[in-house]
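This report concerns only the one structure given below.
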Amino acid sequence: MTKNSLVLYRSFLAIIEDRDGDKYQIKFCTQMASAGGKKAQYGSQKVREKDIVLLHEGPCSSLDKALLFSDDAIKNQINEAYELLQSDESTATAPLPLSELAEYSRGEFRADEAWAFYNELCKDSHFALSQEELKNGKIIFIPRTQEEINLLNQKQYEKEHEEEIRNAFIQRLKNKKLDLPSDSKFMGEVEAFALCKTDKSKIMKEAGISQTIEKAHKLLIECGIWDVTKNPYPTRLGFSFESAKEGLGAMPEEERVEVPALAYAIDSEHSTDPDDAVAFDGEYLWVHIADPASSVLPDSSIDIAARNRGTTLYIPEGASRMLAESCLEDYALGLKEISSALSFKIKLDEKSQIEDCQVLKTRVKVKRLTYKEAEELKESPELKPLFELARKNKSRREANNAVSIQMPEVSIIVDKESKKVSIEEDIKYESNDMIAECMILAGEGAARFAFKNQIPFPFVSQEAPEFPASLPEGWAGQFAQIKCMRKRSVGITPAPHAGLGLSFYSQVTSPLRRYGDLVAHQQLRAFIDGRRLLGKDEMLERIAAGDAASLAAKKASRQSDTHWKLIYLLQNPDNVYQAFCIDRRGSDALFLIPALDMQTTLHNAGEVQLNDEVSLKMKAVDVTEQKQEFVRV
C-alpha cells in the first residue's frame, strides 16, 4: 500500500494520503453529498495496516472521483463474467480476488473504478464476499450456486413486496387454504402462541380470529401445520419432552451394610425406573429405596434442575425424567446384580404397628417382578409374609378410619410412528396393595425416625374428610368420597394423615422421580453422615418450589392423557362403551366409562339412578377444547 492507494476502512472508502512509520494517514468519506442538501462528510485518521483492507494499489486520481464513478454497464458485465465462470467446472465455485474478477468482467481493473465495481459486486446475487478472508485483509468473492442465487432473489423479492405477500397470506389464512410449505414460515408466530411461548398473535388478529390458544390450536390443525395428534400440553406448561441432561455419575464409594436377604422390586410391566424393593427376613420388613441423594447434594446444579421439574413427567409418549436417563443403570434397583440403596429396616408388632425404624445405607440383591408375577407367587415362602404383613397393616389403618378409594385406571399406549392409540384397563392385583402398604410403612417409619431424631423433615398430613351420613354403593360411592377428600399438606410438624389413617407420614419412596422425596433423602443422609442438615425454612422453601413444578407436571400429564383418549375416540368412532352413573346434577347425569377412565355428562338424562349402567357411543370430539360428547345407544 502506497500513497493514493484505495482501502476499506470499516465500511467506508478511504485513500492513503501518507505513511508515518508503521501507520498510514488516510482520508475517508462517511457520507456523500445528496440532492437534499446534505454535504459530503469526511474524516482523517492515522491507522495501522491491520485496520484497513487494500481495495486497489492505485494510484487513484482522488477520493471523490472514486466515490462518484458510475457505469451502468457494470451489472451486465458481472452477469456475463458469472456465466463465463460457470461454463468451466474448475472456476464455477472457485474463490476469486477482486482484481481478477474485475478483469473477467471489464477487461481491466482501474483504481478510479474499483469502488463502484466492488459495491456492485456486494449487491449482486451471483457472488458472495468472503467475510472470513476480509478479516484476514483480503477481498475475495465466491460464485454462488444457482440454488443460492434463487433463494437470495426470493428473499429480496419478499423484502420488496413484504406487505403485498403478507396480505395475500392473511387472505389464504382466513379461507383456511394455506400454500404449504411456503406459508409455514408465517405460521411460526401462531405456533408460538398456541404453545404459550408468546402472549399474543398479530397474524390471528389481522385475520380476525380470536386470540385464544384453543383457537390457535384449531387453526394450526385446520391449515395442516399440525396433525390432530399433536400434543401441545407439556410445552404449554413449560416442560420439555426430554429428560434432564446432567448425569449423576457412578454411585460414590462409601461404607454400606450388606443385606443378605433377596429383595423384590415389584412394579407395572411398563415400568422402566424401579426405585423400590421389599423383603421380609423373618424379623424385619426391609424397604429398599433408590439412593440418588448419595450424589445429588442440596443446591447443586442437578438438585436445582430437579427442583425446577418437580417430578418425572409421565405422558403416553414416554417419560421426561426429573433426573438424567443415564442415572437409571446405576441408581435404579434391580438393573444390576447388586444395587445400592437407602433402606428402611422396620420392626413391626403383631398388629403391624411400627416399633422401630432404622435408616441405613445398604447394598442388596434385587429381583424384578411384575405385579402379575408377584400375584402368582404370593403363597411362596419369600412373598407370603409380605402379603400377610400388608393385610395386617391395611386392617390397622382401616381401624383408624383410613379412606380406601378404588377408581378405574388405564394405560395409554401411543405408537410413535403411526400415532395409533390403544387403551388397556389396568388390572389390580393384591400385589399392588401389598407394595402400596409397604411403601406406606416406609413413609410412616421415615417420619417417626425424623421426629425421634429431631431432623427437619417434610411431614405430610391430610385433614379428615366429612362424608355424608350415607354413601351410595359402587362407582358412585367411590366418586362421592373423592369429592369429600381434603388436599394434603406438607409441613415441618407431624400431623395426622386422615386419608391413610396414620399419625405420622412422609413420602420417601420415589427420590428418582419426586423432588420432595429427594429432599427427604438428603436430610436423612446428612443426619446419618453427621453433616449439616437443611434448616426448616430452607427445606420448606425447596419443597414448595418442587411442589409448584410438580403440580404443573400433573396438569400436563392429565391433559396429555385426555388428549390421547380423545385421539383414541376419533380413531375408533364406532366403539360402544359401558358407563355408570356416578352423580346427578339437576337434569344432567355424570357417567364414568371404566374402559377409558373417562367421565362424561349426559344432559337431560331422564330417570337415571346412581350406578345405573348404560351403553354410550361417541358423538363428537373437540381435541383443541378437550371436550367430548357421547350419546346413549
Side-chain angles (χ1 to χ4, degrees), residues 248 273 275-278 286-300 302-312 322-323 327 331-333 340-346 354 357-362 436 438-462 488-497 500 502-551 553:
L248 276 64
D273 52 0
D275 53 4
D276 57 71
V278 295
W286 289 86
V287 180
H288 306 286
I289 307 298
D291 193 14
S294 61
S295 296
V296 183
L297 300 178
D299 287 331
S300 63
I302 297 176
D303 180 65
I304 293 169
R307 189 185 312 160
N308 290 337
R309 286 176 178 258
T311 185
T312 288
M322 182 183 79
L323 298 175
C327 80
Y331 292 84
L333 303 186
S340 295
L342 190 68
S343 299
F344 299 87
K345 183 181 179 184
I346 303 170
I354 295 178
C357 177
Q358 300 176 52
V359 183
L360 306 167
K361 294 181 286 186
T362 63
C438 290
M439 297 306 109
I440 290 170
L441 281 165
E444 182 183 6
R448 290 183 178 277
F449 180 86
F451 181 72
K452 176 183 177 181
N453 292 288
Q454 298 183 321
I455 302 170
F457 210 64
F459 296 103
V460 181
S461 62
Q462 185 182 41
R488 70 159 203 164
S489 297
V490 179
I492 56 175
T493 304
H497 193 298
L500 294 177
L502 300 176
S503 300
F504 289 82
Y505 187 63
S506 183
Q507 286 187 311
V508 295
T509 57
S510 297
L512 286 176
R513 55 188 178 89
R514 285 197 302 245
Y515 183 70
D517 296 38
L518 179 61
V519 172
H521 275 231
Q522 289 171 341
Q523 289 290 83
L524 291 171
R525 276 188 135 269
F527 175 78
I528 293 170
D529 294 342
R531 293 183 282 109
R532 187 187 82 85
L533 294 163
L534 292 174
K536 294 177 180 179
D537 289 342
E538 56 182 336
M539 183 198 66
L540 286 180
E541 202 174 293
R542 288 164 168 75
I543 294 289
D547 276 356
S550 180
L551 285 173

Can you name the nearest heavy-atom pair linking [X] to [Y], along with the distance?
X: Pro511; Y: His521; value: CG-CE1, 3.7 Å
X: Cys357; Y: Ile346; value: SG-CG1, 4.0 Å
X: Pro456; Y: Gly535; value: CB-C, 4.4 Å
X: Ser506; Y: Ala447; value: N-CB, 3.9 Å
X: Leu342; Y: Asp291; value: N-CB, 3.8 Å
X: Arg307; Y: Ala549; value: O-CB, 3.8 Å

Spatial distance of atom [atom1] ([X]) from atom [atom2] ([Y]) [nearest 0.5 Å]:
X: Ile492; Y: Asp537; atom1: CD1; atom2: CG; answer: 7.0 Å
X: Leu248; Y: Ser294; atom1: CG; atom2: OG; answer: 7.5 Å
X: Ile528; Y: Leu360; atom1: CD1; atom2: CG; answer: 7.0 Å
X: Ser503; Y: Phe451; atom1: OG; atom2: CZ; answer: 11.0 Å
X: Lys452; Y: Phe504; atom1: NZ; atom2: CZ; answer: 12.0 Å

* To do: With Phe344 as reference, evaluate Val508, Leu441, Thr362, Ile354 under the side chain to side chain contact (heavy atoms under 4.5 Å, CB included) test and give the passing residue.
  => Val508
* To do: Any chance you could lay out the side chain to side chain contact (heavy atoms under 4.5 Å, CB included) test for Cys327 and Leu512, step after step, and finish with the verdict?
  => CA-CA 9 Å; Cys327 80; Leu512 286 176; 4.2 Å; yes
Any non-hydrogen side-chain atom of [X] less than 4.5 Å from a side-chain atom of [Y]?
X: Tyr505; Y: Pro494; value: no
X: Gln462; Y: Leu500; value: no
X: Arg514; Y: Thr312; value: no
X: Pro292; Y: Leu518; value: yes
X: Asp276; Y: Met439; value: yes
X: Pro458; Y: Leu540; value: no
X: Phe527; Y: Asn453; value: yes
X: Met322; Y: Tyr515; value: yes

* To do: Please test Glu444 against His497 for side chain to side chain contact (heavy atoms under 4.5 Å, CB included), starting from the C-alpha separation and ending with a verdict.
  => CA-CA 10 Å; Glu444 182 183 6; His497 193 298; over 6 Å; no
Taking the side chain from [X] and the backbone from [Y], do they hold a donor-acceptor pair closer than 3.5 Å?
X: Ser300; Y: Asp303; value: yes
X: Gln507; Y: Val460; value: no
X: Gln523; Y: Leu534; value: yes

* Does the pair Phe457 and Phe449 meet the rule for a ring-ring contact (aromatic ring centres under 6.0 Å, His included), with working shown? -> CA-CA 10 Å; Phe457 210 64; Phe449 180 86; 8.5 Å; no
Does any donor atom in the side chain of [X] or [Y] lie under 3.5 Å from an acceptor atom in the other side chain?
X: His288; Y: Ser343; result: yes
X: Tyr331; Y: Asp275; result: no
X: Gln522; Y: Arg542; result: no
X: Ser550; Y: Thr311; result: no

* Which residues satisfy the salt bridge (Lys or Arg N to Asp or Glu O under 4.0 Å) test with Glu541, sequence neighbours excluded? -> none
* Residues Arg488 and Asp547 bridged, charged N to O under 4.0 Å -> yes
